[in-house]
There are 2 protein chains.
Amino acid sequence: VVIIGERINGMFRAVGQAIRDHDAEAIQKLARAQVAAGANYLDVNVGPAAAEPLEAMVWLVNAIQEATDAPLAIDSPKVEVIEAGLAACKNGAMINSTDARSAKLQPLMALAQKYDCPIIGLTMDDRGIPGDASGRAEMAMQIVAAAMETGVPTDRVYLDPLILPINCAQEGAGEVLEAIRQCKLLCDPPPKTVLGLSNVSQGSKYRELINRTYLIMALAAGLDAAIVDALDTELVNSMITAEMLLNKNIYCDDYIKAYLSM
Amino acid sequence: VVIIGERINGMFRAVGQAIRDHDAEAIQKLARAQVAAGANYLDVNVGPAAAEPLEAMVWLVNAIQEATDAPLAIDSPKVEVIEAGLAACKNGAMINSTDARSAKLQPLMALAQKYDCPIIGLTMDDRGIPGDASGRAEMAMQIVAAAMETGVPTDRVYLDPLILPINCAQEGAGEVLEAIRQCKLLCDPPPKTVLGLSNVSQGSKYRELINRTYLIMALAAGLDAAIVDALDTELVNSMITAEMLLNKNIYCDDYIKAYLSM
């Protein structure tokens, strides 16, 4: 599974402050820690507070790249901020994210083609997020169709069926597991699937327990990638264990250490 | 999910000693602790060391029933020991277990009918355990057919597709998940499924982590019951969380406490 570390996000108070202060060291510390903990990509989001989000994104990407060679998931609601981030990336990138609205889908798919990078596609449009699995899969098909039209290989599309907080949409969690299975059947080569995991436990009391339990179920349903708190050791250990049980990594007694030293 | 507490088993050294010493208090303590931790049934197995397994079983059942009203899963390789245990049960029982060999299947299914109790059926016969999911499902169908012939309702049959230690049969874990899904489709009303969970981690270093990770995946595949160490709090919390995420228990902030006080 591809682990996308979620921590460099201006939404977190300390990170927002570091971005405003141009405190590269604080950001770099977070970058190194996530990579050491197993993150394959680092999400990069300037957050809502940046006055000049485009400049902030470029500064953030450059700051991170001084600390690590990990590829970056460029995360913004604004197309131009994403493009500025992609242009600054030296070690590979991913677009986080488009959705099924044509105003975003066309320009962002074009960027995925131009920068030859994977792209996350959220299964929502102007009407919102479909309630059930098949509605989400339908939305996913629109994203996959746009990829095909633009010349982006379908296996570079990471479909995100959007898990909502369990405390307000309890039926949704099972639908999202089913959507993961359905998304894998949409085309050949099959698209990838991804979840912004932490959303499932938003506002809940047992956040870490809920996160890792849901991640394990999603992995068993075929999940390919997850945006997670890579510094949550129990979460990462659960993920490595699930992958081992699903026969994706060879068993050895110290399979956790073996995985992290790969 | 039905939790069957595994701890009263003569295979564990202290329990074997308590059985030999007729130390009812030690057994009763273990019975009460498992029920308090969420066990719905208590497994009762005199283990390999009992010189008179039939007498030991009756003593054990009576000792447990002085401490708790929980129903008991009468667990023995010997048909006559199982029948003696069933006859002594006052508060409900379950047979643990038959397999698909006719020498066991017929008499044990007859006991399930006579004592009107659920029965666990292991998907194995004289040739052993089939390697893949469909082989296990085929074996399961023989057990279900025997239930139908004997007049045991198919939804009182708990099919166990037999998880083997991950350190020697790594491909098996995924096959067992698939077997759980297939078993549910064999007839209507569908049979139940069960796993003797701890076997998955036999000989592994991270036993508890492997147990709870696999349990979560099995629950997502539709598992109905599990023979587990109910005193493993993290395991039980993971199970309760998985059930909540699968929308089987209503969410509340303290859903773990709510579940355990049901």
Side-chain angles (χ1 to χ4, degrees), chain A residues 163-178 180-181 197 200-223 233-259, chain B residues 163-178 180-181 197 200-223 233-259:
Chain A
I163 181 69
L164 298 173
I166 196 70
N167 66 357
C168 61
Q170 203 184 347
E171 284 169 31
E175 294 296 324
V176 165
L177 295 179
E178 178 56 27
I180 291 169
R181 288 184 209 104
L197 183 70
V200 70
S201 64
Q202 202 71 53
S204 287
K205 182 172 168 185
Y206 298 106
R207 289 208 66 172
E208 297 189 346
L209 176 61
I210 291 173
N211 287 344
R212 63 179 176 259
T213 304
Y214 194 66
L215 178 59
I216 292 165
M217 298 198 290
L219 290 168
L223 190 74
T233 306
E234 283 209 62
L235 180 90
V236 172
N237 287 351
S238 296
M239 189 214 73
I240 297 169
T241 302
E243 292 269 288
M244 183 278 289
L245 287 165
L246 293 166
N247 206 21
K248 293 192 176 168
N249 302 308
I250 294 173
Y251 178 87
C252 67
D253 285 343
D254 239 328
Y255 63 90
I256 291 178
K257 204 168 154 191
Y259 180 96
Chain B
I163 181 71
L164 298 174
I166 196 72
N167 66 358
C168 61
Q170 203 185 350
E171 285 171 29
E175 294 296 326
V176 166
L177 295 179
E178 179 55 27
I180 291 170
R181 287 184 210 103
L197 183 71
V200 70
S201 64
Q202 202 70 54
S204 286
K205 182 172 168 184
Y206 298 106
R207 289 208 66 171
E208 297 191 345
L209 176 61
I210 291 172
N211 288 344
R212 64 179 177 258
T213 303
Y214 194 66
L215 178 59
I216 292 165
M217 299 199 289
L219 290 169
L223 190 73
T233 306
E234 282 209 63
L235 180 89
V236 173
N237 288 351
S238 296
M239 188 214 74
I240 297 169
T241 302
E243 292 269 288
M244 183 278 289
L245 287 164
L246 294 166
N247 206 22
K248 294 190 176 169
N249 300 309
I250 295 173
Y251 178 87
C252 66
D253 285 342
D254 239 328
Y255 63 90
I256 292 178
K257 204 168 152 190
Y259 181 97

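Scope of the values below: all heavy atoms of this structure, side chains included, with no hydrogens, waters or symmetry mates. The sequence lines fix the lettering, A, B, ..., with proteins before strands; numbering per chain opens at 1. Fair warning: this is a prediction, and the values are worked out from it, not measured in the lab.
Side-chain N/O atoms of A/Ser204 and B/Tyr255 include no donor and acceptor closer than 3.5 Å.
With chain A as partner, the option from B/Gly174, B/Ser238, B/Gly172, B/Ala221 having the largest number of non-hydrogen pairs under 4.5 angstrom is B/Ser238. Of the residues considered (B/Leu177, B/Leu219, B/Asp254), B/Asp254 shows the highest number of contacts with chain A, using heavy-atom pairs under 4.5 Å. The greatest number of non-hydrogen atom pairs below 4.5 Å with chain A, out of B/Lys205, B/Gln170, B/Glu171, is found for B/Gln170. Contact tally against chain A (heavy-atom pairs below 4.5 Å) for B/Leu246, B/Asp253, B/Leu209: the top residue is B/Leu209. Comparing B/Asn237, B/Val200, B/Ile256 by heavy-atom pairs within less than 4.5 Å of chain A, the highest count is held by B/Ile256.
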> Between B/Glu234 and A/Arg212, does a salt bridge (charged side-chain N to carboxylate O under 4.0 Å, His left out) hold up when you go through it step by step?
Replying inline: CA-CA 12 Å; B/Glu234 282 209 63; A/Arg212 63 179 176 259; 3.7 Å; yes

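Counting heavy atoms of neighbouring residues, nucleotides and ligands inside a 6.0 Å radius, atom NZ of B/Lys257 does not exceed 12 of them. Residue-environment remark: CD (A/Glu243) exceeds the threshold of 12 foreign heavy atoms within 6.0 Å.
In this structure, CE in B/Met217 is found 4.0 Å from CG in A/Leu245, a value given to the nearest 0.5 Å. Rounding to the nearest 0.5 Å gives a distance of 4.0 Å between CD1 of A/Ile216 and OG1 of B/Thr213.
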